[in-house]
Structures are given as structure tokens and as C-alpha cells.
Engineer: 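Attaching a single structure in C-alpha cells format; questions to follow.
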Amino acid sequence: MNTFKEKVYQQMETAEELLHLYAEIEKKKKMREFLLSMEIHDSAEQLYIQLQELDCRLKEVQEKFDDQMNEVIHTATE
């Protein structure tokens with residue numbers, strides 16, 4: 001049962017990281033839209049690059065989350 005609890009705890013930490021990444025992406029998207037509306041293109045371009053990096057990180061964490069969820073399910077059925 002300890003293994004199950006550990007896996008669930010890891011899953012919760014990963015879920016928290018996912019939520020943080022989603023919030024960060026949304027914040028940067030809004031800021032980029034604002035900069036574009038003010039025609040501040042250099043800063044908007046920098047935010048676009050940051051958004052691409054965050055999107056890659058989000059995909060990695062999502063895969064990790066999915067893998068961990070499968071482990072949690074597998075552990076629970078043992």
C-alpha cells in the first residue's frame with residue numbers, strides 16, 4: 001500500500017506542475033496579445049518564444065502525468 005501512496009503523491013505533484021504550466025501559458029498569451037495590440041512587436045516575439053518553450057515543457061509533463069497515472073492504476077490493481 002505504501003507504493004500506491006507514493007505513486008499517488010507523485011501524481012499529485014505532477015498535476016500541480018501541470019496546473020502551474022497552464023496558468024503560466026495563459027498569462028503569457030494575454031500579455032502577448034496586449035503587447036501586439038500596443039504594437040510592441042519585439043517584446044511580443046520574445047513572449048512567443050517563451051510560449052513555445054512552455055508548450056514543449058507542458059507536453060513533457062503531460063506525458064509524465066499520463067505515464068504516472070498508468071502506474072497508479074496498475075499499482076492499485078495489484
Side-chain angles (χ1 to χ4, degrees):
M1 195 60 168
N2 264 347
T3 303
F4 178 73
K5 285 182 180 180
E6 288 174 23
K7 290 187 184 291
V8 169
Y9 181 73
Q10 289 173 348
Q11 187 68 357
M12 288 173 27
E13 287 181 332
T14 303
E16 187 175 317
E17 185 176 2
L18 276 174
L19 290 173
H20 172 74
L21 285 168
Y22 279 119
E24 189 69 22
I25 286 172
E26 287 304 311
K27 182 172 69 173
K28 290 194 184 282
K29 281 181 182 179
K30 288 179 183 178
M31 179 59 82
R32 183 172 183 265
E33 289 173 14
F34 173 74
L35 290 171
L36 287 172
S37 73
M38 300 294 292
E39 297 189 12
I40 306 174
H41 297 288
D42 290 340
S43 295
E45 182 62 29
Q46 289 298 318
L47 278 175
Y48 179 73
I49 293 168
Q50 292 175 10
L51 280 166
Q52 288 178 318
E53 292 169 355
L54 281 170
D55 191 49
C56 288
R57 178 70 183 134
L58 180 67
K59 288 176 184 173
E60 291 171 4
V61 174
Q62 183 66 54
E63 287 177 12
K64 179 181 174 183
F65 180 86
D66 293 343
D67 291 343
Q68 286 177 335
M69 183 57 75
N70 287 332
E71 288 179 24
V72 168
I73 291 169
H74 179 71
T75 303
T77 59
E78 290 181 348

Engineer: What is the minimum heavy-atom distance between Q68 and Q11, and which atoms define it?
Structural biologist: CB-OE1, 2.7 Å
Engineer: Hey, could you give me each pair passing salt bridge (Lys or Arg N to Asp or Glu O under 4.0 Å) that has a residue in residues 65-77? Not counting sequence neighbours.
Structural biologist: K7-E71
Engineer: Going hydrophobic residue to hydrophobic residue with side-chain gaps under 4.5 angstrom, can you get from M69 over to L18?
Structural biologist: yes
Engineer: Under the side-chain contact (heavy atoms from CB on, under 4.5 Å) rule, collect the residues that match up with M12, sequence neighbours excluded.
Structural biologist: V8
Engineer: What do you reckon, is CG of D42 surrounded by more than 12 foreign heavy atoms closer than 6.0 Å?
Structural biologist: no
Engineer: Would you say CD of E16 has more than 12 non-hydrogen atoms from neighbouring residues, nucleotides or ligands within 6.0 angstrom?
Structural biologist: no
Engineer: Apply the hydrophobic cluster definition, ILVMFWY joined by side-chain contacts under 4.5 Å directly or through others, and give me every member besides Y48.
Structural biologist: none
Engineer: Name every donor-acceptor pair, under 3.5 Å, that has one atom in a side chain of residues 23-36 and the other anywhere in the protein, sequence neighbours excluded.
Structural biologist:
unit_1: E24; atom_1: OE1; unit_2: K27; atom_2: NZ; d: 3.4
unit_1: K28; atom_1: NZ; unit_2: Q50; atom_2: OE1; d: 2.7
unit_1: R32; atom_1: NE; unit_2: A44; atom_2: O; d: 3.3

Engineer: Please round to the nearest 0.5 Å and tell me the distance separating atom CG of L51 and atom CD of E53.
Structural biologist: 9.5 Å
Engineer: Measure the spacing between CG of N2 and OG1 of T75 and express it to the nearest 0.5 Å.
Structural biologist: 12.0 Å
Engineer: Checking E60 now: which residues fulfil salt bridge (charged side-chain N to carboxylate O under 4.0 Å, His left out) with it, not counting sequence neighbours?
Structural biologist: R57
Engineer: Could you work out, with side-chain hydrogen bond (donor to acceptor under 3.5 Å, both in side chains) as the rule, every residue matching Y9, not counting sequence neighbours?
Structural biologist: E13
Engineer: Return the CD1 to CG distance between I40 and L47, rounded to the nearest 0.5 Å.
Structural biologist: 10.5 Å
